[in-house]
*Asks:* 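Starting off with a structure, shown below.
The residues of the chain are indexed from 1 along the displayed sequence.
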Amino acid sequence: MKTLVAFFALAALAVASTSPADAKGCLKGAVVGGVAGHYAGHHGTVGALAGCAYGRHRAKEQARQPRGQAPAGQEKL
């Protein structure tokens, strides 16, 4: 009985201490990566992890980019 009470107390503490995640870019990248990984040798989980990491990287890169400026490597000549 003490174990059950301790478990619920720990679960309540974990839920109370969470904050909303800022997953901009991660969800879309994970979906695309998971599908690609599934079709490329049944590695959907690895593809989803890699897609999430790449999507998050792209979102941070775009957030740092000033508005109206072309992304690096795509300047007009």
*Asks:* Can you tell me how far apart NE2 (His57) and NZ (Lys60) are? Round to the nearest 0.5 Å.
*Replies:* 9.5 Å
*Asks:* Could you list the residues that satisfy side-chain contact (heavy atoms from CB on, under 4.5 Å) with Ala50, not counting sequence neighbours?
*Replies:* none
*Asks:* Measure the spacing between CZ of Arg58 and NZ of Lys28 and express it to the nearest 0.5 Å.
*Replies:* 10.5 Å
*Asks:* Apply ring-ring contact (aromatic ring centres under 6.0 Å, His included) to His38 and list each qualifying residue two or more places apart in sequence or on a separate chain.
*Replies:* His42
